[in-house]
Amino acid sequence: MSEIFEGVLESTRSVVAVTFTVLSLPILVYFVLINSAYLMLVVFSFLDFRHHLRRLPFAGREQFMGSKMSPGVTIVAAMYNEEMGIHVSAQSMLSLHYPRHEVVIVDDGSTDRGFAVLEAAFHLVRVDRPMPPDLAVREEPTEVFVPANGRTRLTVVRKANSGRADSINVGINFAREDLVVFIDADSVLDPEALLAVTKPFADDPVRMVAAGGVIRAVNGCTVRGGRVVDVRMPHGLLERIQVVEYLRAFHLGRSGWSRVGALILISGAFGIFRRDVLVEVGGLDPSSIGEDFELVLRVHRRMRKLRRPYRVQFVTEPICWTEVPSSAAVLARQRRRWHRGLWETLWAYRGMLGNPRYGRVGLVALPFYWVFELLAPIVEMGGLILVAVGWLLGVVDTGYLLLFMGVAYLFGMLVTLSAVTVEEYSFHRYGRWSDLLVTLWAALAENVGYRQFTALWRLQGWAASVAGRQQTWGVMTRTGFGNDDPDADVPSAPASRTRKQ
Amino acid sequence: MAPSIVGPALLWTLLWASVGVLALQLVLVVGARVARTTRQGRDARALSPLRPLLLELASGDDDASEDLAGVLAGAPPSTRMVLDEAILQLLGKIRGDSSAALVDVLHRHGRERKAIEDLASRSSVTRAHAVWTLGVMQEAESVPKVVPLLHDRSPDVALTAARALGMMGDPVAATAILTSAAPVGSRPGLPAWIAVEAVTSLGTVTAPQVRAALDHPSSDVRWAAAMVIAQVPLLACAQALRESVARETHPRLVSVMVLALGVVGSPRDTALLGSLLEETQDAQIRRAAIGALAEVGGSGALVWLQPMLSSSDVRVAERAATTLVSLSPAGHAAVAAIAQSEDSGASARLCRYAVRQHGLGRSRAVRRAG
């Protein structure tokens with residue numbers, strides 16, 4: 001019996017040894033390539049930031065604020081059980097520095113007091129405004145409300161629950177202005193955000209079709225009157241790591257893609273689109289899990305097919321502050337959903353992959369997303385499992401294992417630290433020395449545990465999609481911005497609320 | 001042990017290289033923070049004794065402005081750079097006598113000479129900064145030197161030049177600014193809004209140049225000219241605008257010209273604007289025509305706007321309803337009559353919405369008056 005066992009063990013050892021011999025180089029090369037690619041994006045973004053900051057003193061933002069030529073903007077926010085923070089968010093959206101903007105909040109069948117909070121805060125009255133049928137929607141609005149003062153440019157639309165994408169489409173139909181900004185109802189914009197994000201549209205009104213802005217974690221910051229007044233690192237390690245991760249992946253990564261003219265992902269938490277283009281492409285797809293990603297790819301495909309000159313740009317400075325998950329369970333759900341959305345969208349648009357007709361989007365950005373975003377968790381988990389099994393079977397010795405892992409993850413740390421370095425040279429929003437030290441610590445800690453778990457969750461999301469399991473949104477626990485007093489000076493994590501997404 | 005293609009020697013090399021770069025990055029991050037805080041502290045210390053004088057001079061209410069300017073002009077060379085930048089920032093926000101006093105300080109520091117030299121710099125940032133300096137200093141005699149930069153290879157320099165020319169206030173630059181909105185080959189021209197803002201700030205004396213720009217081959221230039229007519233407004237361009245509206249075909253252009261006609265036109269334009277309300281017209285033009293009719297048509301607009309309430313385009317109908325309720329008592333009555341009907345169609349609902357919305361605005365005004 002033991003001979004059979006020994007035989008099986010020896011065969012397994014041989015298989016693992018061969019596999020390890022064959023795969024160790026490709027895995028290492030993959031790690032080097034993925035991190036080098038990120039490093040290049042960081043360099044591109046640094047050039048972009050430098051260009052932006054050096055011209056900022058004479059960029060004419062004050063003039064733009066006072067200009068009658070500023071394009072009108074409609075901010076559309078979908079709300080589902082946002083009772084905790086909707087007053088602060090609405091206040092923040094309405095008080096942005098911009099000469100001509102309106103806010104449309106679509107209540108997606110909330111079951112909490114979210115609407116009652118808005119009704120009381122803005123003295124809402126019901127009006128019988130029909131919805132222009134520009135985009136087809138799944139759920140028609142049931143009620144439309146406006147503030148009783150007849151002056152505040154706020155419209156609150158109520159409808160049965162049909163998801164965020166459908167709610168945003170309802171908001172687009174109600175929008176009166178030429179540009180539409182999507183923002184999550186639990187996010188807060190910097191006061192100058194609209195000025196900065198609309199300027200490319202004013203400068204190039206014909207070609208600009210969409211733009212995305214910077215998203216940062218609001219956790220740990222102090223929010224007063226719907227504005228972030230004190231920027232601090234959060235207390236929890238999980239949130240701290242996400243601050244660094246957002247900086248690397250969302251801020252610098254997208255800025256880099258914008259610099260090379262191949263930005264294909266604009267976050268739904270803060271994106272701006274030309275309204276006529278949104279109507280032309282049919283708005284957000286309510287059946288898509290990665291609806292923001294899908295929309296941008298659809299815009300690219302449409303513009304390329306029609307051979308229209310167009311631009312999709314990332315704007316480096318305006319900031320949207322959003323809450324990042326503070327528990328592993330919520331983070332896991334988020335990452336599963338993100339990766340599932342990534343896979344389903346990439347698969348749906350596989351015809352664009354490597355297709356010269358779609359320019360840099362088809363030849364550079366999409367291959368990158370397939371190889372370095374979609375496949376990354378497979379390679380990472382596969383590599384980890386292989387070395388772990390090899391170590392257990394005695395195929396790989398401990399010293400070599402540690403050396404191999406050390407090299408692979410040191411590259412990752414190098415990229416993240418590069419992002420922190422660029423941030424320190426450019427925007428340096430976290431001004432305290434203690435915050436800088438925490439940022440550096442989080443950049444290193446990210447590689448021990450966090451990366452491996454997120455890789456696992458991403459694989460689970462992908463597997464769920466391939467297995468055809470239905471997406472369940474679950475309950476998203478969020479902390480909100482505090483109480484309903486918009487003047488209250490509160491840190492961003494005093495209470496909790498649940499959100500079903 | 002498994003023989004690996006990736007030998008330990010290679011891995012050790014990569015490891016130590018990575019550790020070295022990581023250490024370098026840590027030094028860079030901390031060094032950047034130290035350098036920035038040191039520089040900010042140094043600049044703040046240099047400027048702090050001068051800041052009260054600067055703010056006093058900028059407030060413009062001191063009789064001793066000559067003395068203050070003298071003190072600032074005599075600032076030690078080590079602080080001049082920081083002081084000049086602070087003055088340039090202030091000049092971007094203020095106008096009048098106080099700005100003249102601040103400009104005087106910059107003159108005494110030789111900033112306009114330096115800026116003129118920098119116009120030929122190889123760095124686009126330096127050129128843009130130089131142009132901006134001349135603009136906020138309102139150096140009108142530098143206009144001929146700045147105009148060529150409207151076609152600078154760097155778009156940032158070109159648009160800063162346009163804004164600077166607007167600040168300098170010499171109407172001779174109007175044609176150059178407007179025509180720089182035209183694309184050159186595949187390169188886009190100056191952003192139209194920048195051209196409009198710059199020419200608008202030059203005032204009504206630009207009417208002949210703007211009128212001529214309405215006939216420019218580039219649609220971007222014609223668009224900018226129509227916008228300037230609406231913004232200033234340039235009544236002298238009304239006739240040329242009427243002819244352009246009849247001639248143009250592009251919806252974006254026609255709608256902006258219609259908007260301008262609403263500002264500088266007269267009741268005699270009612271028929272022209274009314275003809276643009278037909279269902280066959282582009283929705284953008286129809287909405288602009290509704291607004292323009294309300295501006296110039298007076299009671300005569302009612303005849304044209306009332307049928308729009310039943311337009312199949314909800315946005316056009318909504319615009320007509322909200323325009324009519326605030327146009328005149330007769331317009332309000334026309335909308336109210338439909339609103340009070342039992343009809344549940346889109347037209348009746350829009351009228352009810354318009355009346356309600358108008359009522360909300362009015363009740364607030366009444367409360368304020370009370």
Side-chain angles (χ1 to χ4, degrees), chain A residues 16-18 20-22 24-25 28 32 54-55 57-60 62-64 67-70 125 127-133 144 146-151 176 202-207 390 394-397 399-400 403-404 406-407 410-411 413-414 417-418 420-421 424-425 428 433 436 440, chain B residues 1-6 8 10-12 14-15 18-19 21-22 25-26 28-30 32-33 36 85 88-89 92-93 125 128-129 131-132 135 155-156 159-160 163 188 191-194 196-197 227 230-231 252 313-315 318 346 349-350 352-353 356-365:
Chain A
V16 171
V18 170
F20 193 82
T21 307
V22 172
S24 60
L25 183 63
L28 192 68
V32 171
R54 290 181 75 185
R55 283 153 182 80
F58 40 88
E62 294 87 4
Q63 189 191 15
F64 191 57
S67 173
K68 290 175 186 166
M69 306 289 296
S70 319
V125 292
V127 291
D128 189 13
R129 185 180 167 204
M131 179 179 74
V144 181
V146 295
N149 64 18
R151 178 177 54 94
R176 288 193 178 97
D203 289 348
D204 192 355
V206 176
R207 292 191 305 162
V395 174
V396 182
D397 76 22
Y400 188 86
L403 189 60
F404 190 90
V407 169
L410 265 174
F411 275 128
M413 290 181 196
L414 205 139
L417 265 185
S418 302
V420 175
T421 310
E424 193 53 36
Y425 272 93
H428 40 81
W433 276 100
L436 177 63
L440 292 172
Chain B
M1 290 300 130
S4 174
I5 296 169
V6 186
L10 173 65
L11 288 178
W12 276 113
L14 288 171
L15 185 81
S18 302
V19 168
V21 177
L22 273 176
Q25 282 184 330
L26 285 172
L28 279 174
V29 169
V30 175
R33 175 67 62 101
R36 192 178 65 254
E85 287 305 318
L88 286 171
Q89 277 182 23
K93 295 167 188 160
V125 175
H129 191 269
V131 163
W132 174 247
D156 293 314
L159 65 90
T160 312
R163 293 171 52 225
W193 79 273
I194 298 273
V196 174
E197 286 289 343
M227 254 317 186
Q231 298 291 325
R252 181 171 165 264
D313 185 327
V314 175
R315 290 182 183 276
E318 182 179 326
R349 289 180 63 199
L350 280 168
R352 278 193 281 276
Y353 165 67
R356 176 84 159 127
Q357 187 73 32
H358 184 66
L360 293 174
R362 278 177 65 85
S363 58
R364 181 176 166 274

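Naming: A, B, ... by sequence-line order, numbering from 1 per chain. Just the heavy atoms: all of them, side chains too, but no hydrogens, waters or symmetry mates, feed the values below.
Taking 4.5 Å as the limit, every side-chain heavy atom of A:R129 sits out of range of all side-chain heavy atoms of B:Q357. A heavy-atom distance below 4.5 Å is found between the side chains of A:W433 and B:V30. Looking at heavy atoms from C-beta onward, B:S18 lies out of side-chain contact with A:V407 at the 4.5 angstrom threshold.
When heavy atoms are compared at a cutoff of 4.5 Å, A:S70 does not approach chain B at all. Only the side chain of A:R207 has a heavy atom closer than 4.5 Å to any heavy atom of chain B. Only the side chain of B:R352 comes within less than 4.5 Å of a heavy atom in chain A; its backbone stays farther off. Heavy atoms closer than 4.5 Å to chain A are found nowhere in B:E85, neither backbone nor side chain. In this structure, chain A has heavy atoms under 4.5 Å from both the backbone and the side chain of B:V125.
Here the straight-line distance linking atom CG of B:L14 with atom CZ of A:F404 works out to 10.5 Å at 0.5 Å rounding. Rounding to the nearest 0.5 Å places NE2 of B:H129 at 11.0 Å from CZ of A:R54.
In terms of heavy-atom pairs under 4.5 Å with chain B, the best-connected choice from A:T421, A:V127, A:D204, A:L414 is A:L414. Contact count against chain B (heavy-atom pairs under 4.5 Å) is highest for A:V125 among A:L440, A:V125, A:V420, A:V144. Taking B:R33, B:E318, B:Q231, B:R349 one by one and counting their heavy-atom pairs under 4.5 Å with chain A, the maximum is reached by B:R33.
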Exercise for the section: Before giving the answer on side chain to side chain contact (heavy atoms under 4.5 Å, CB included), spell out for A:V146 and B:R356 the whole-Å C-alpha distance, their side-chain angles and the decisive distance to 0.1 Å. Expected result: CA-CA 10 Å; A:V146 295; B:R356 176 84 159 127; over 6 Å; no
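When every heavy atom of A:A202 is checked against every heavy atom of B:W193, the shortest pair comes out as O-CD1, 3.0 Å. Here the closest heavy-atom approach between residue A:P133 and residue B:V314 is recorded as CD-CG2, 3.9 Å. The two residues B:A346 and A:P130 come nearest to each other via the heavy atoms O-CG, 3.9 Å.
A donor-acceptor contact shorter than 3.5 Å links the side chain of B:R36 to the backbone of A:E424.
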